[in-house]
Amino acid sequence: MSDTILTEDHGHWVEVTLNRPDKLNSFNDEMHLALRAALEGAIAGQARAILLTGAGRGFCAGQDLGDRDPSKMDGPPDLSKTLTTFYNPLVRLIRDAEMPVICAVNGVAAGAGANLAMACDIVLASDKAKFIQSFANVGLVPDAGGTWSLTRLLGPARAKALAMTGEPVTAEQAAEWGMIWKACAADDLMTEARTLAEKLASGPTTGFAHIKKAVHAAGTNSFEDQLALEAEYQKTCGASNDYAEGVSAFLQKRKPNFKGS
């Protein structure tokens with residue numbers, strides 16, 4: 001098992017840590033494969049929530065450019081292959097996971113590291129963190145879903161400006177703009193993130209999965225299509241054990257004991 005990724009099983013939820021702190025957790029091929037394996041293991045197992053964070057002073061600085069240096073290659077790197085082999089399957093895996101994926105951004109999130117965070121469902125960031133679309137600094141476009149996420153979260157004006165200037169966005173500004181859910185004091189970040197992971201892992205998993213899918217669909221559906229989708233998903237959720245438990249708990253004035261089914 002690669003030590004570039006650390007995994008801690010908390011029972012109903014799993015904490016996954018990017019672990020190349022000397023490189024600000026930038027991605028090499030080994031870490032890519034290890035992260036995907038860790039996420040796939042959590043998804044296939046009993047996890048009802050996943051928490052993703054980084055070791056050391058950074059969350060993720062994106063791609064380790066030492067592995068994509070044209071001066072050390074016979075020709076230019078095929079960055080399309082890098083995306084289709086590594087980054088695209090990774091962000092699809094996070095978006096398609098049928099449980100909440102929380103991201104605790106503990107430090108700088110640059111390049112694909114910023115876009116990895118935005119692929120997650122709920123993002124908390126340390127007040128010392130910054131989000132940087134650093135691609136233009138090396139002549140590239142935002143990837144790992146970055147152009148998609150930025151445009152939908154911030155609108156085209158801010159998306160283009162951030163992508164072209166590479167100006168850093170503080171955690172507080174990211175929260176104000178709607179890039180992330182909230183900014184936290186650095187000392188409180190992991191406590192808040194773990195508390196949230198525990199809460200969501202104890203919640204109605206079927207409902208959460210369908211909330212996630214419905215919100216994703218809303219960006220392209222017409223209003224009528226979205227109403228139909230809500231009716232379909234509500235039928236599924238209404239037949240779940242968690243709905244029955246939630247209603248019983250409400251009527252009995254007690255805390256629900258959701259089983260995730």
Side-chain angles (χ1 to χ4, degrees), residues 4 18 20-32 35-36 52-54 56-95 103-120 123-181 183 219-220:
T4 60
L18 309 179
R20 297 185 73 214
D22 56 321
K23 299 289 187 179
L24 289 177
N25 301 318
S26 59
F27 275 101
N28 59 10
D29 292 358
E30 178 186 352
M31 192 170 88
H32 261 298
L35 177 57
R36 195 186 310 173
L52 178 64
T53 191
R57 61 189 179 89
F59 170 66
C60 179
Q63 177 64 39
D64 187 335
L65 294 181
D67 293 343
R68 300 292 186 272
D69 182 354
S71 70
K72 297 179 181 178
M73 299 178 173
D74 295 333
D78 183 350
L79 298 185
S80 173
K81 183 177 180 181
T82 298
L83 295 178
T84 56
T85 303
F86 296 115
Y87 288 102
N88 294 356
L90 175 61
V91 293
R92 285 193 191 105
L93 184 65
I94 291 170
R95 282 181 57 82
C103 187
V105 180
N106 53 300
V108 66
N115 299 334
L116 172 64
M118 288 191 291
C120 298
V123 183
L124 298 83
S126 159
D127 56 9
K128 297 180 180 179
K130 292 182 179 180
F131 297 83
I132 308 171
Q133 295 293 324
S134 53
F135 300 91
N137 296 334
V138 290
L140 297 177
V141 302
D143 58 27
T147 57
W148 190 94
S149 297
L150 283 172
T151 304
R152 280 160 176 76
L153 292 171
L154 302 179
R158 282 177 172 156
K160 286 185 287 187
L162 290 178
M164 291 180 184
T165 65
E167 287 191 10
V169 178
T170 65
E172 291 86 350
Q173 185 69 74
E176 183 179 331
W177 281 359
M179 278 179 66
I180 66 171
W181 182 45
T220 54

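Contact record, E167 with L162: O-CD2, 3.8 Å, taken as the closest heavy-atom pair. A pairwise comparison of heavy atoms in A183 and A175 identifies N-CB, 4.1 Å as the closest pair. For the pair A104 and T53, the tightest heavy-atom approach, listed with the atom from each and the gap, is O-OG1, 2.8 Å. Shortest non-hydrogen contact noted between G107 and A129 is O-CB, 3.3 Å.
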Is there a side-chain contact (heavy atoms from CB on, under 4.5 Å) between R95 and R92? Walk through the geometry before answering.
CA-CA 5 Å; R95 282 181 57 82; R92 285 193 191 105; 5.9 Å; no
Would you check, one step at a time, whether the test side-chain contact (heavy atoms from CB on, under 4.5 Å) holds for R20 with S26?
CA-CA 7 Å; R20 297 185 73 214; S26 59; 3.6 Å; yes
Could you go through W177 and L154, starting from their C-alpha distance and side-chain angles, then the distance that decides it, and tell me whether this counts as side-chain contact (heavy atoms from CB on, under 4.5 Å)?
CA-CA 7 Å; W177 281 359; L154 302 179; 3.7 Å; yes
I'd like to know whether F59 forms a side-chain contact (heavy atoms from CB on, under 4.5 Å) with N25, so could you lay out the CA-CA distance, the side-chain angles of the two residues, the decisive distance to 0.1 Å, and finally the verdict.
CA-CA 6 Å; F59 170 66; N25 301 318; 5.8 Å; no
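At distances below 3.5 Å, at least one donor-acceptor pair connects side-chain atoms of N106 with backbone N or O atoms of G56. Without hydrogens or angle criteria, R36 side chain to L90 main chain gives no donor-acceptor distance under 3.5 Å. A donor-acceptor contact shorter than 3.5 Å is absent between the side chain of S134 and the backbone of A110.
Annotation: the span from L83 atom CG to D78 atom CG amounts to 9.0 Å, rounded to 0.5 Å. Rounding to the nearest 0.5 Å gives a distance of 10.5 Å between OG1 of T165 and CD1 of I132. Here the OG1 atom belonging to T4 is positioned 14.0 Å from the NZ atom belonging to K23, to the nearest 0.5 angstrom. With values rounded to the nearest 0.5 angstrom, D143 atom CG is found 7.0 Å from Y87 atom OH. From C103, atom SG reaches atom CG of L124 across 8.5 Å, with rounding to the nearest 0.5 Å. The line from CG of D29 to OG1 of T85 is 8.5 Å long, rounded to the nearest 0.5 Å.
When side chains are defined from C-beta on, T170 does not count as touching D127, because their heavy atoms never get closer than 4.5 Å. No side-chain heavy atom of L150 sits less than 4.5 Å from a side-chain heavy atom of K160. Using a 4.5 Å heavy-atom cutoff, the side chains of C120 and L52 are in contact. With contacts defined as side-chain heavy-atom distances shorter than 4.5 Å, the pair L153/I180 does not qualify. Residues F131 and V105 meet the side-chain proximity criterion, which asks for heavy atoms closer than 4.5 Å. In this structure, the side chains of D64 and F27 stay at 4.5 Å or more apart for every pair of heavy atoms. Between V169 and K130, the closest side-chain pair of non-hydrogen atoms is not below 4.5 Å.
Aromatic ring pairs are classed by plane angle as parallel below 30°, tilted from 30° to 60° and perpendicular above 60°; the pair F86 and H32 is parallel.
Side chains of Q133 and N115: a donor-acceptor N/O pair is present below 3.5 angstrom, by distance only.
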